[in-house]
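This report refers to the structure that appears directly beneath it.
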Protein chains: 2
Amino acid sequence: MTASKVISFEALRVACKNCSLATLCLPMGLTSDDVERLDGIVKRARPLHRGDYVFRNGERFHSLYVVKTGSVKTYAPSPEGGEHVLGFHLPGELIGLDAIEKEVHTCSAKVLETSAICEVPFSRLETLSSTIPSLQHQLYRLLSKEIGHDTELLLLLGKKSAEERLAAFLLSISKRLRKRGLSPTDFYLSMSRYEIGNYLGLAVETVSRLFTRFQDDGLLKVDRKHIELRDPEAMEAVLTRATMSDRQQRVR
Amino acid sequence: MTASKVISFEALRVACKNCSLATLCLPMGLTSDDVERLDGIVKRARPLHRGDYVFRNGERFHSLYVVKTGSVKTYAPSPEGGEHVLGFHLPGELIGLDAIEKEVHTCSAKVLETSAICEVPFSRLETLSSTIPSLQHQLYRLLSKEIGHDTELLLLLGKKSAEERLAAFLLSISKRLRKRGLSPTDFYLSMSRYEIGNYLGLAVETVSRLFTRFQDDGLLKVDRKHIELRDPEAMEAVLTRATMSDRQQRVR
DNA sequence: AGGTTCATTTGACCTGGATCAAGCAACGTC
DNA sequence: GACGTTGCTTGATCCAGGTCAAATGAACCT
């Protein structure tokens, strides 16, 4: 009886070492022994449903979170009721990194669809990381990666046209899905047009028109939230072809 | 003789513990004993001059760098010869954090004026950080801070008007100078109008017109690179007053 | 089946800021 | 001390994408 209880508990409490995301997530590059130790501090919550918060703006920071299944958006609410969408997060991605400094969450995170989230208490992670150099290294890498990602986004928002932004967005989703073993050319977007526009610094109407144009040009087929990338090369070419973005000359 | 040699060497080789930036920089929060240890791995190079590189896009990553005096700009060169300015860095600020992940510099850094730069070999810093928990913590904090900073910039580029962008830029400089004990209302900009525009996602002409407008409105006095903030409150108000930026409604 | 609500699309129009095109001032350099 | 060269400013025009308005369509009640 106790035994069966333990077994079912263990079945529910999927461990990091059995998780398909291990190569994308925190455990990347750790020995199985160390994964075991990391596993000891990870909390797995029951699934959250569309609209539930992972954490909210202003809450005290205690943990980092990893999307296990589903998807999450992070955003900075503005006092007037508006919001600024900061990112969309797929399985294996770590959220809450921006809160380490101030020990307060400066953005909110809510799930876009039914999702499982792993919680990693930061102080315990920190302690663990000073005894596991490869974990420490992995944390530095992940923080650095986030900076690199923000930098790309900065380029997108500062210098690229609406067309380039949407193309980059779709290709980013596509590539991240591929890494997770999912179809990079046939997927459902879990966020609304409004959220995409907000994220890319564009009006909803512009996003909608661009989807229509991409479809007319044969780059993709769109049916509501279902996207089928018909011509990924052509989509990449949207990013490459010199547009208004590269009219900057000499430096010095 | 040997003694005098040692003395002059020590005088040149200003240590972290004597550095006025210690409270802003890596040593923040460390015991003087630990600062000593950190000091042991920091290399201090001879001053660089306007246009010299701290590191270049594509170089292998070995070290983080701290601006000691002067100022640095980081930017991503685009193949076509253009560039995307990523940031301007004042004394005490750490650069190169984005290169940790890939172990390659993905942007270039060049000094805007004669500057002293401290070099911190990363692998040694990493090793040291696993034996000094407060240093490890400080590193996590600094990386997280950088993410928070990028996030603000994202908001600026994605949602704010040209006027708000330039006001935010000037106020950011002003506040950072204040923290360093310099005048927050009277300063010289070490970067060109072109670089400011590039950084803020605006055309040079727009930047120039805005300086003129701000001056006409009595917010500041501008003479070439010399800025005198005449009415910092009014400048803050430029950011607060609802503009096109807050027309986003409900969430769900 | 019909109605309410919210998301998306489409059309018409407008504007902030880019682009184009001169001038102009500071700074060498010879 | 005239002469490029580079950086900054100013004026005139243009257009990508925002804003406003309305139609259409899903999804969800009841």
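Chain letters run A, B, ... following the sequence lines, proteins first, then strands; residues in each count from 1.
B:S208 comes within 4.0 angstrom of a base, heavy atoms only. B:G197 comes within 4.0 angstrom of nothing in the nucleic acid, heavy atoms only.
Note on B:T212: a side-chain N or O is less than 4.0 Å away from OP1 or OP2 of D:dT10. Distances shown here put a side-chain N or O of A:T206 below 4.0 Å from the OP1 or OP2 atom of D:dG18. Residue B:K225 places no side-chain N or O under 4.0 Å from the OP1 or OP2 atom of D:dG7.
With D:dG18, C:dT10, D:dT9 as the candidates, the nucleotide lying closest to the side chain of A:A203 is D:dG18. Nearest nucleotide to the side chain of B:L202, out of D:dC20, D:dT9, C:dA18: C:dA18.
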| message | Go through it in stages, so that I can follow the logic: the residues are B:E83 and B:K110, the test is salt bridge (Lys or Arg N to Asp or Glu O under 4.0 Å), and I'd like the CA-CA distance, side-chain angles, deciding distance and then a yes or no. | response | CA-CA 13 Å; B:E83 67 181 46; B:K110 61 164 73 165; over 6 Å; no

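Enclosure of atom NZ in B:K43 is not indicated, since only 12 or fewer non-hydrogen atoms of other residues, nucleotides or ligands lie within 6.0 angstrom.
Considering CG of B:L142 and CG of B:L94, their distance stands at 6.0 Å, rounded to 0.5 Å.
Remark on DNA chain D: of its neighbouring residues A:A162 and B:V222, the 5'-side contact belongs to B:V222, judged by nearest-heavy-atom nucleotide.
As a whole-Å value, the separation of B:R193 CZ from D:dT10 P is 11 Å. The separation between A:R50 atom CZ and D:dC28 atom P is 11 Å, rounded to whole Å.
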Report, one pair per line, the protein and nucleotides 22-29 of chain C atoms (nitrogen or oxygen only) whose separation is under 3.5 Å.
none

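Residue pairs satisfying the salt bridge (Lys or Arg N to Asp or Glu O under 4.0 Å) criterion with at least one member in residues 175-193 of chain A, sequence neighbours excluded, are listed as follows: A:E93-A:R176, A:E93-A:R180, A:K175-A:E236.
With hydrogens and angles ignored, a donor-acceptor pair closer than 3.5 Å exists between the side chain of B:R209 and the base of D:dG11.
Counting heavy atoms from C-beta on, the side chains of A:F211 and A:L170 come closer than 4.5 Å.
A centroid separation of less than 6.0 Å is found between the aromatic rings of B:H226 and B:Y188.
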